[in-house]
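See structure below.
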Amino acid sequence: MNSMNFIPLYIDPGTGSMLFSLFIGLAAAATFGVRALFLKLKFIFSGGKVEKNSQGNSIPFVIFSDHKRYWNVFKPICDEFERRGIDLTYYTASPDDPVLDAAYSHVHGEYLGEKNRPYAKLNFLQADVLLATTPNLDVYQWKRSKGVKCYVHIPHSVSDFAGYRMFALDHYDSVLASGENQHPSMVKLENLRPAIKRKEFTVVGSTYLDSMEKRLESAGRPETQERKMVLVAPTWGKSGILARFGEKFLDCLTRTEYEIVVRPHPQSKTAEKELLESLEKKYPDIKWNYDNDNFDILNRADIMITDFSGVIFDYSLVFDKPVIYADTSFDSGPYDADWLDEPMWEFRILSKIGIQLKEDDFGRIGEIIGDAISSENLKASRREVRDEAWQNRGNAAASVVDYLVGKQKELVG
């Protein structure tokens, strides 16, 4: 008997994702091929009569959420569907997504499982209109289903679409934007990629900013504290504040008179786990905030320090407070921005709503914070940017549902 040593087979995550996509693609092709043959035979044996439902049972409206943190985007839309008495199917990849416990009569939440499991269902889905924040449709595991008539993307920030990972929106049919600021880069990318389909662009506003503003009106501003709070809200990756400046930045910040709170990007907990653990251990006096809901911390903070995180606009446009943005070198390589010959929209307007913090200025960061908090010029500029990036204020949810209902009628006749 051969006494060979067997080596276990290892498949790296990237290859695993590719193989999963290949399997799903082949399975989808086989499924739709069999379905097409069945319908053809049914057509022949019925004497050429076409039944109204020959394409199978198609769900009129579907929302897909790849994480519960996007509930702030979708909840106002669900509320509007419920108010109008229109049935909506809500698929989620989070077992504790709030939709699963919501007391709706017309919105039906369903947990699809985690990791690749949701895509195993979505890639065979039969639906008229599907709405999602998830980028990279038809790029990675999530493939366009032949049974879905229209894929609609809604962003979860007012930032430039060029800040998405490369090819993020290429295979969507339509985009519902928060403002006209998101249009130019989308058009430029489409012109650079003539093979992709031109997307329908509609400004509807921002559902989650509308909700946040209403919530602020109800909650009110917090009582003024003697010691002002500085919120550090970095994005994740090697270009973010924590990854690039780390201890040098935090050392200077903790020497100021201010209360310091750091709220890392949710992805940092996975991608930069060791970095966060080491910083938390070294700076026990800093408060580290990981709340799923960022409303309370944004409301309490007197100023925010960030890099190019989209939360900068949530904070400055809704709460009308100043920001300081770190002088980080943004690596556009993985993003659609790498295709363009101009800076993204947010980099062009940051100087209007905030003060840039350079590495050489870390030693005087306390002075810079004080100047930003008291600046009237920054306050006036925030109003201008708000009008450009957050349009149709207060009416976004109704506009989204109007669009989806109108699109579904257009598709099914």
Side-chain angles (χ1 to χ4, degrees), residues 67-73 75-76 94 96 98 156-159 206-236 240-243 249-250 253-254 256-273 275-277 279-280 283-326 346 350 353-355 357 365-366 368-370 372-373 378-379 382 386 390:
H67 197 279
K68 65 181 179 181
R69 65 176 170 265
Y70 301 122
W71 180 237
N72 62 352
V73 175
K75 182 181 184 301
S94 292
D96 53 349
H156 54 82
S157 79
V158 301
S159 302
S206 174
T207 57
Y208 78 94
L209 288 185
D210 284 352
S211 294
M212 195 175 285
E213 186 174 51
K214 290 179 182 177
R215 188 174 175 184
L216 180 60
E217 291 172 355
S218 299
R221 302 284 183 176
E223 294 182 6
T224 302
Q225 301 295 320
E226 184 176 342
R227 191 181 183 205
K228 293 188 181 298
M229 179 195 292
V230 176
L231 174 63
V232 181
T235 190
W236 66 283
I241 298 174
L242 297 183
F249 167 67
L250 293 179
L253 196 58
T254 52
T256 67
E257 62 188 87
Y258 302 101
E259 177 187 358
I260 309 301
V261 177
V262 178
R263 180 181 169 82
H265 188 282
Q267 188 63 31
S268 294
K269 294 173 69 175
T270 301
E272 301 173 315
K273 183 179 179 180
L275 172 64
L276 293 183
E277 288 177 349
L279 292 176
E280 287 183 43
Y283 299 96
D285 293 336
I286 289 178
K287 295 180 181 178
W288 297 82
N289 181 276
Y290 294 100
D291 294 344
N292 186 57
D293 185 352
N294 65 4
F295 178 86
D296 288 337
I297 195 65
L298 293 179
N299 195 20
R300 288 172 50 213
D302 294 285
I303 189 169
M304 175 188 288
I305 300 178
T306 184
D307 32 51
F308 46 90
S309 173
V311 74
I312 191 173
F313 301 109
D314 303 358
Y315 183 72
S316 59
L317 302 187
V318 175
F319 297 90
D320 196 20
K321 296 178 184 178
V323 295
I324 293 174
Y325 58 99
E346 45 261 51
L350 274 177
I353 62 174
I355 296 177
L357 176 67
I365 191 170
I368 294 172
I369 290 171
I373 291 176
L378 291 179
K379 187 177 184 66
R382 288 196 295 270
R386 185 185 295 116
W390 181 12

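Note that the coordinates shown come from a computational prediction; the quantities given were computed from them, not determined experimentally.
Among residues two or more places apart in sequence or in another chain, the side chain to side chain contact (heavy atoms under 4.5 Å, CB included) test is passed with Thr306 by Met304, Ser309, Ile312. Applying the side-chain hydrogen bond (donor to acceptor under 3.5 Å, both in side chains) rule to Gln267 yields no partners; only residues at least two apart in sequence or on another chain are considered. In this structure Ser94 satisfies the side-chain hydrogen bond (donor to acceptor under 3.5 Å, both in side chains) test with no other residue, sequence neighbours excluded. Residues satisfying the side-chain hydrogen bond (donor to acceptor under 3.5 Å, both in side chains) test with Tyr258, not counting sequence neighbours, are none. Applying the side chain to side chain contact (heavy atoms under 4.5 Å, CB included) criterion to Arg221, with sequence neighbours excluded, gives Leu216, Asn299, Phe319, Asp320, Lys321. Take Trp390 and apply the ring pair (Phe, Tyr, Trp, His ring centres under 6.0 Å) test, not counting sequence neighbours, and it matches no residue. Residues satisfying the ring pair (Phe, Tyr, Trp, His ring centres under 6.0 Å) criterion with Tyr70, sequence neighbours excluded, are His156. Qualifying salt bridge (Lys or Arg N to Asp or Glu O under 4.0 Å) partners for Lys214, counting only residues two or more places apart in sequence or in other chains: none. When the side chain to side chain contact (heavy atoms under 4.5 Å, CB included) test is applied to Asp293, the partners found at least two apart in sequence or on another chain are Arg215, Phe295. Partners of Ala372 by side chain to side chain contact (heavy atoms under 4.5 Å, CB included), not counting sequence neighbours, listed by chain and number: Ile303, Pro322, Ile324, Ile355, Leu378. Checked against side-chain hydrogen bond (donor to acceptor under 3.5 Å, both in side chains), Asp285 has no partners two or more places apart in sequence or in another chain. Partners of Tyr208 according to the ring pair (Phe, Tyr, Trp, His ring centres under 6.0 Å) rule, which considers only residues two or more places apart in sequence or in another chain, do not exist here.
Salt-bridge annotation for Glu257 and Lys228: absent, with no side-chain N of the basic residue lying under 4.0 Å from a carboxylate O of the acidic one.
Proximity of Trp236 to Thr270: side-chain heavy atoms (C-beta onward) are nowhere separated by under 4.5 Å. Lys269 is not listed as a side-chain neighbour of Lys273, based on a closest heavy-atom distance of 4.5 Å or more. Under the 4.5 Å side-chain criterion, counting only non-hydrogen atoms from C-beta, Trp288 is in contact with Pro264. Inter-residue side-chain proximity for Asp296 and Asp291 is flagged as unmet; no heavy-atom pair is nearer than 4.5 Å. Between Val323 and Ile305, every side-chain heavy-atom pair lies at or beyond the 4.5 Å cut-off. Using a 4.5 Å heavy-atom threshold, the side chains of Arg263 and Asn294 count as touching.
Between the CD1 atom in Ile368 and the CG atom in Leu357 there is a gap of 5.0 Å [rounded to 0.5 Å]. Considering CD1 of Ile353 and CZ of Arg386, their distance stands at 10.0 Å, rounded to 0.5 Å. Rounding to the nearest 0.5 Å gives a distance of 10.0 Å between CG of Leu275 and CD of Glu280. The distance from the CG atom of Leu253 to the CD1 atom of Ile369 is 5.5 Å, given to the nearest 0.5 Å. Taken to the nearest 0.5 Å, the CE atom of Met229 stands 7.5 Å off from the CG atom of Leu231. The distance from atom CG of Leu250 to atom CD1 of Ile286, rounded to the nearest 0.5 Å, is 4.5 Å.
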Checking side chain to side chain contact (heavy atoms under 4.5 Å, CB included) for the pair Glu259/Val230: CA distance, chi angles, key distance, verdict? CA-CA 6 Å; Glu259 177 187 358; Val230 176; over 6 Å; no

Val262 vs Asn289, test: side chain to side chain contact (heavy atoms under 4.5 Å, CB included). Steps then yes/no. CA-CA 6 Å; Val262 178; Asn289 181 276; over 6 Å; no

Please assess Phe313 against Ser157 for the test side chain to side chain contact (heavy atoms under 4.5 Å, CB included), listing each intermediate value before the final yes or no. CA-CA 8 Å; Phe313 301 109; Ser157 79; over 6 Å; no

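When every heavy atom of Val311 is checked against every heavy atom of Ala233, the shortest pair comes out as CG1-CB, 3.8 Å. Closest of all the heavy-atom pairs between Ser268 and Thr235 is OG-O, 4.5 Å. In this structure, Leu350 and Tyr325 approach most closely via the heavy-atom pair O-CE2, 3.5 Å.
Judged by distance alone, with hydrogens and angles left aside, the side-chain atoms of Asp307 form no donor-acceptor pair with the main-chain N or O of Gly240 at under 3.5 Å.
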